[in-house]
Amino acid sequence: MRMSQLFLPTERQPPADAEALSHKLMVRAGLVRQLGSGLWTWLPAGWRTHQRVVQLIREEIDAIGGQEMLMPVLQPAELWKRSGRYQAIGDELFRLHDRRDADMVLAMTHEEAVTFHAAQSVRSYRDLPMILYHFQIKERDEPRPRAGVLRTREFIMKDSYTFDRDAEGLAASYQLHREAYARIYDRAGLEWFECRSDVGMMGGTMAHEYMAPCAAGEDDVVLGAGGYSANLEIATADAQPVAPLSDEIAGELHTPGQTTIEAVAGGLGVPAGNLLKAFPVIAEERGLVLAFVRGDHRIGDIKLTNALGQTWRPANESELPGPAGFLGPKDGVDMVFDEAIAPGRYVVGANAPDHHAVFAYEGGETLDIRLVEPGDSIGGAPVRIEPAIEIGNIFQLGTRYSVPLGLTFSDEHGKEHPVFMGSYGIGPARIAAAAVEQYGDERGIAWPKSIAPFDVEVVALGKPGTPEQEAAAGLYRQLQAAGFSTLLDDRASGTGEKFADAELLGAPLRLTVGKRSLESGIAEAQLRRGQVDQEGGVPLATAAEAVQALWPTIP
RNA sequence: CGGAACGUGGCGCAGCCUGGUAGCGCACCUGCUUUGGGAGCAGGGGGUCGCGGGUUCAAAUCCCGCCGUUCCGACCA
């Protein structure tokens, strides 16, 4: 591609409202443009990267036996009513009506559709196992789109679905995807890790998510010794111990107006860990439950849900067993205690205004309900908590969709069973953005070579028609013929602008042809990652061979 | 959903408080010069000042309403 012909609107300055590095760089480099909140257009160069990521994913899913297809985005709401998600999902699901006033939805994922088709056709155990997938637009009315293409309302996702006769088969299909996903992220050149995760709205029994650490990450991930990695939402670690409460503090404590942990701990001159924090909730079945964590810890909402085994909401003022800010253990109240609370004496609310008391904790119903904190440890080694973006997720759905949508098969004895399903998603846009985040620098993007919009950028110095531009064009033709996707900067622009744009766009290898090259017969070569000059450059006469030799050394 | 901002040529901004000729940098067009790190000189084009209403002789500017966008938090595959 000749840059003089390419629709590549680069900008010197990032959009004023951009925060994330990938947002700034992808806009500046002319890869994407915004159409509305959470709605992004992929311009030609950006789309090349997107397509390369798609192709890489396609190859790996095909390799585990996936069959590519395509399902509609616009769907009858009926299917979603049958699965229960029409009612269960809130405003995030786009709902609309067709001209006959039938309820329709814009699909945010495709479990319902694929299960519908499988239910139509799968009859026998002989039809299983099966892997179906597609690349299709997803529509989600996000409450808060942000950071360029990192969180959008419309995006393309590769979603695959596996169909097996039992949990064992599902586990095998799940494992196939884990291996394929590892290959995909490795080939995309990302730093990544796999985490156990919550199943969320997808339902089902087991889930992993794939995270790419970067500054713009929306999730926090806990990394520990022995390869432990889990989303902070569900992570577990050993708490830092806290010194026992001083014996001098005992009995009723007058704590006027001290309704926060900080105020009480500060007033008594003790660490927050000597207090217990009471969190009153109304659980779906249990009703009022007082959940306690150490004063220096925080309740994890998802951990509490999972530990209780039921949904809950914070209690209203009128439902509290005592005055707000002074809640503590109380006879007759349903109580649970976090596992990190060691037996011992703690300052707790006295269930009376302006008073706290000392409580001797000796045990009770203990659950793991607190969030991991900096300073916690796993296997004796301190954990790291890092921001990361989610670049994929996989779910063991079990029979969550097959039962309501009637997807069954007959076994060897003619007996009907529900099919065990799995669902597996990857967002190519996030892989691209994660790569920008992880490898971008102050000058621009430094693509991994597997997903760069162009393999090589040839910078032709001088004006169009000069001998150096002619030489650069010859180099360009050689590289194209050798199979390298090459961008030739054949514009009339000044030298600095050409170099700056090359660094912004981020092709892994840059070759420069100027007047010097005419005398030496050498094009200067520089790797974008780290801006490393290649000793000796690339001979104009044998450029294809030289680049081929260099290529395997490029990240 | 809570909090905070912003909306003026393609991008980044000033002008608004104190009403009166829409302005700057970059980009764009023409010419000449320049060409190894975002060039110089000269000339030129492009803006319903988000939308609607109100006040006023006069509104980018003041008032009211609406729309849009972003950031922080909540939420979130």
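Within every chain, numbering begins at 1; the chains are lettered A, B, ... in the order of the sequence lines, protein sequences first and strands thereafter.
The pairing partner recorded for B:rU69 is B:rA5, the criterion being a Watson-Crick or G-U wobble arrangement whose two distances lie under 3.5 angstrom. The partner of B:rC41, taking Watson-Crick or G-U wobble pairs whose two distances both stay under 3.5 Å, is B:rG31.
As a whole-Å value, the separation of A:E497 CD from B:rG38 P is 10 Å. Here the P atom of nucleotide B:rC75 and the CE atom of A:M108 are 16 Å apart, to the nearest Å. Rounded to whole angstrom, the span from the CG atom of A:D489 across to the C1' atom of B:rG36 amounts to 13 Å. Nucleotide B:rU70 holds its P atom 12 Å from the CG atom of A:L35, rounded to whole Å. Rounded to a whole Å, the CD atom of A:Q13 is 12 Å from the C1' atom of B:rC24. Summarising the geometry, the separation between CD on A:E142 and P on B:rC71 is reported as 13 Å, rounded to the nearest angstrom.
A:R491 comes within 4.0 angstrom of no nucleic acid atom, judged by non-hydrogen atoms across all strands. As judged by a 4.0 angstrom heavy-atom cut-off over every strand, A:D301 is placed among residues touching the sugar-phosphate backbone only. In this structure, A:E11 reaches the sugar-phosphate backbone alone: every heavy-atom distance under 4.0 Å involves primed, P, OP1 or OP2 atoms, never a base. Contacts of A:R33 with the nucleic acid, taken as non-hydrogen atoms under 4.0 Å apart, are absent. Contact annotation for A:A16: backbone-only contact, meaning every heavy-atom pair under 4.0 Å involves sugar-phosphate atoms and none involves a base. If you check every strand for non-hydrogen atoms under 4.0 Å, A:G425 touches nothing. Using a 4.0 Å heavy-atom criterion, one finds that A:K498 contacts no nucleic acid atom at all. Across all strands, A:E468 comes closer than 4.0 Å to no nucleic acid atom at all (heavy-atom distances). Among the atoms of the strands shown, base atoms are found under 4.0 Å from some heavy atom of A:F155. Using a 4.0 Å heavy-atom cutoff across all strands shown, A:A460 reaches no nucleic acid atom at all. Residue A:P9 is classed as having no contact, given no heavy-atom separation below 4.0 Å to the nucleic acid. Contact annotation for A:D501: base contact, defined as any heavy-atom pair under 4.0 Å involving a base atom.
Of the residues A:I61, A:I57, A:D159, A:I426, the one that meets the side chain to side chain contact (heavy atoms under 4.5 Å, CB included) test with A:F135 is A:I57.
B:rC63 and B:rC28: their P atoms are spaced 40 Å apart (whole Å). Look at the P atom in both B:rA39 and B:rG7: the space between them is 30 Å, to the nearest Å. Going from the C1' atom of B:rG68 to that of B:rU8 covers 15 Å, rounded to whole Å.
Remark: the A:R146 side chain and the B:rG73 base include no donor-acceptor N/O pair separated by less than 3.5 Å. Put simply, the side chain of A:R28 and the base of B:rG10 share no donor and acceptor less than 3.5 Å apart. For a distance-only test at 3.5 Å, the side chain of A:R151 qualifies as a donor-acceptor partner of the base of B:rC76.
In this structure, A:Y210 and A:Y181 have tilted ring planes: the angle between them lies in the 30° to 60° band. Using cut-offs of 30° and 60° on the angle between ring planes, the pair A:F279 and A:W312 is perpendicular. Relative orientation of the A:W192 and A:Y185 rings is tilted, given thresholds of 30° and 60° on the angle between their planes.
The side chain of A:R12 lies closest to B:rG38 when the candidates are B:rC72, B:rG38, B:rC76.
Between A:Q34 and A:M157, the residue whose closest nucleotide on RNA chain B is further toward the 5' end is A:Q34.
A cation-pi arrangement is present between A:R529 and A:Y439, with the terminal nitrogen or guanidinium carbon under 6.0 Å from the aromatic centre and inside a 45° cone about the axis.
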